[in-house]
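Please read the structure below before turning to the comments.
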Amino acid sequence: MYETAERLKEFASPTPSRWRENSEARIANQDTRRKARKVAMRMLNAMESKGINEVALSTLLGITCAELMPILKGHELPSACMAQAIETALNISL
């Protein structure tokens, strides 16, 4: 038994595990991702009803499609300034 414990210590990491911090960060990020998906769905519904595609919306907002796509995919929330511009362009409330 003693020999096994000593052998296991050879494989132990010299730095402490950060699993708890990583897990808490993932849980906190879930709420943000959920909100981002809701914003994306509102945007996509408004775009569909108005017949606006991603290129037209990005032009209205004065940004590139590459900057718009993470928001439309629900990967990130728009900044406050961008949210206001989206609300104005699509006539919706985020």
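Numbers here simply count residues along the sequence, with the first being 1. It should be emphasised that the depicted structure is a prediction, and the values quoted were computed from it without experimental measurement.
Panel note: side chain Ser23, backbone Trp19; no donor-acceptor pair is recorded below 3.5 Å. Side-chain atoms of Asn29 never come within 3.5 Å of backbone atoms of Ala25 as a donor-acceptor pair (strictly under, hydrogens ignored).
Taking 4.5 Å as the limit, every side-chain heavy atom of Arg37 sits out of range of all side-chain heavy atoms of Lys73.
Atom CD of Glu67 is separated from atom CD of Glu76 by 9.5 Å, given to the nearest 0.5 angstrom. Taking CG of Leu77 as the reference point, atom CZ of Arg33 lies at 10.0 Å (rounded to 0.5 Å). From Met43, atom CE reaches atom CD1 of Ile86 across 4.0 Å, with rounding to the nearest 0.5 Å. We find the CE-CD distance between Met82 and Gln84 to be 11.0 Å, quoted to the nearest 0.5 Å. Atoms CD1 and OG, from Ile71 and Ser79 in turn, are 7.0 Å apart once rounded to the nearest 0.5 Å. The OG atom of Ser58 sits 8.0 Å away from atom CG of Asn53, with the distance rounded to the nearest 0.5 Å.
Partner of Leu68 under the side-chain contact (heavy atoms from CB on, under 4.5 Å) criterion, out of Leu57, Val55, Thr59: Leu57 alone.
Smallest separation of non-hydrogen atoms from Ala36 and His75: CB-C, 4.4 Å. Across every non-hydrogen atom of Leu72 and Glu54, the tightest pair is CD1-CG, 3.4 Å.
Atom NZ of Lys38 has 12 or fewer neighbouring heavy atoms from other residues, nucleotides or ligands inside a 6.0 Å radius. Within a 6.0 Å sphere centred on CE of Met69, other residues, nucleotides and ligands contribute more than 12 heavy atoms. Enclosure of atom CD in Glu48 is not indicated, since only 12 or fewer non-hydrogen atoms of other residues, nucleotides or ligands lie within 6.0 angstrom.
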